[in-house]
Amino acid sequence: MILETKRLILREMTREDFPALCRILQDEEVMYAYEHAFSDEEAWEWLNRQMQRYHDDGFGLWAVALRETGSMIGQCGITWQDWGERRVLEVGYLFEKAFWHQGYATEAAAACKQYAFDVLGADEVYSIIRDNNFPSQRVARRNGMVPCGRMVKHYYDMDMPHLLFVAKVGAKTPG
């Protein structure tokens, strides 16, 4: 276990999490910001990349499991991302559709932000979100993040505009 919140446990994903991960990555509605649902091969690449991040960086996107049942309902964590000439820590999150609109993403993202500040010693953390992904933007705002820039990522032969949100250590969370 990496983190624990009131309702959630965040832990490293393992190969045994592949079926739960596929419920997320292979759902077209969940993956609309990526413009497609993942194939099995792409889902394995995603899982292997997270496990490599755990090894190389000591963190990555973690499995988010319900404390009550241990069932994986999403993923949330911290990754290194490029923003122009900078490399920044990003809090990212992606949840199974059945668990949307219940506060789980905000709860997990807030714990990850605090982990970045308290454990990794970060002064600031970002969330990089598609410009059309309004629910994720609301999660970032509830997590005390404010818009700070724009960028375009190139995925799958498409240019995808993204907004950057930032939270700085010691900044007050709205609410």
**Message:** As a quick check of understanding, evaluate side chain to side chain contact (heavy atoms under 4.5 Å, CB included) for W80 and V88, giving each step before the final call.
**Reply:** CA-CA 6 Å; W80 285 110; V88 299; 5.7 Å; no
**Request:** Could you go through the side chain to side chain contact (heavy atoms under 4.5 Å, CB included) check for L8 and I73 one step at a time?
**Result:** CA-CA 10 Å; L8 305 170; I73 63 167; 4.0 Å; yes
**Item:** L66/Y104 under side chain to side chain contact (heavy atoms under 4.5 Å, CB included): CA gap, chis, key distance, verdict
**Value:** CA-CA 9 Å; L66 293 172; Y104 293 122; 3.7 Å; yes
**Item:** Test log, rule side chain to side chain contact (heavy atoms under 4.5 Å, CB included), inputs K153 and Q81
**Value:** CA-CA 11 Å; K153 288 189 174 195; Q81 298 292 326; 3.3 Å; yes
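A single hydrophobic cluster is not seen to contain both W83 and L120; linkage of ILVMFWY side chains at heavy-atom distances under 4.5 Å, directly or through other members, places them apart. Side-chain heavy atoms closer than 4.5 Å link hydrophobic residues (I, L, V, M, F, W, Y) into clusters, and following such links, even through other members, never connects I129 to V166. Under a hydrophobic-cluster definition in which Ile, Leu, Val, Met, Phe, Trp and Tyr are linked whenever side-chain heavy atoms come within less than 4.5 Å, directly or via other members, F165 and V146 are assigned to different clusters. Tracing side-chain contacts under 4.5 Å through hydrophobic residues (I, L, V, M, F, W, Y), one never reaches I9 starting from Y54; they form parts of separate clusters. A continuous path of hydrophobic side-chain contacts links M158 to F38 [ILVMFWY only; heavy atoms under 4.5 Å].
Side chains of C112 and V91 form a contact here, defined as non-hydrogen atoms less than 4.5 Å apart. Residues D17 and Q50 form no side-chain contact, since every pair of their non-hydrogen atoms from C-beta on lies 4.5 Å or further apart. Contact annotation: the side chain of L25 never approaches that of Y34 to less than 4.5 Å [non-hydrogen atoms, C-beta and beyond]. The shortest distance between side-chain heavy atoms of Y32 and N133 falls below 4.5 Å. E90 has its side chain out of reach of L164: every pair of non-hydrogen atoms, C-beta onward, lies at least 4.5 Å apart. Side-chain contact between L10 and Y115 is absent, with no heavy-atom pair separated by less than 4.5 Å.
Note: L163 CG to M151 CE = 11.0 Å, rounded to the nearest 0.5 Å. Taking CD from Q137 and CE from M145, the interatomic distance works out to 12.5 Å, rounded to the nearest 0.5 Å. Going from atom CZ of R150 over to atom CD1 of I128 covers 14.0 Å, rounded to the nearest 0.5 Å. Rounding to the nearest 0.5 angstrom, the gap separating the CZ atom in F59 from the OG1 atom in T79 is 8.0 Å. We find the CD1-CD1 distance between I2 and I78 to be 10.0 Å, quoted to the nearest 0.5 Å. With values rounded to the nearest 0.5 angstrom, D40 atom CG is found 11.5 Å from E45 atom CD.
The nearest pair of heavy atoms linking R67 to T5 is NH1-O, 2.9 Å. Counting all heavy atoms, side chain and backbone alike, W62 lies closest to G77 at CE3-CA, 3.9 Å. Taking each heavy atom of M13 and L21 in turn, the nearest pair found is SD-CD1, 4.0 Å. Between A43 and C22, the shortest heavy-atom contact is CB-SG, 4.0 Å. In plain terms, the two heavy atoms of A140 and S127 that are nearest each other are CB-CB, 4.4 Å. Listed here is the closest heavy atom pair of Y126 and C148: CE2-SG, 3.7 Å.
Residue Q102 qualifies as enclosed at atom CD: its count of foreign heavy atoms under 6.0 Å is above 12. Taking a 6.0 Å sphere around NE2 of H55, one finds it holds 12 or fewer heavy atoms contributed by other residues, nucleotides or ligands.
Of the possible donor and acceptor atoms, none in the side chain of E96 sits under 3.5 Å from a partner among the backbone N and O of R23. With E42 contributing its side chain and S39 its backbone, the two residues share a donor-acceptor pair below 3.5 Å. The backbone N or O of A33 lies less than 3.5 Å from a partner atom in the side chain of R130, making a donor-acceptor pair. Listed for the K113 side chain is no donor-acceptor partner under 3.5 Å among the backbone atoms of A167. H154 contributes no side-chain N or O that, together with a main-chain N or O of V152, makes up a donor-acceptor pair within less than 3.5 Å.
R49 and Q52 share no side-chain donor-acceptor pair at under 3.5 Å. No hydrogens or angles considered: a donor-acceptor pair under 3.5 Å links the side chains of E16 and T14.
Using cut-offs of 30° and 60° for the angle between ring planes, the W44 and F18 rings count as parallel.
Using a 4.0 Å cut-off between charged side-chain N and carboxylate O, K6 and E107 make no salt bridge.
When ring centroids are compared, W100 and F95 stay outside the 6.0 Å threshold.
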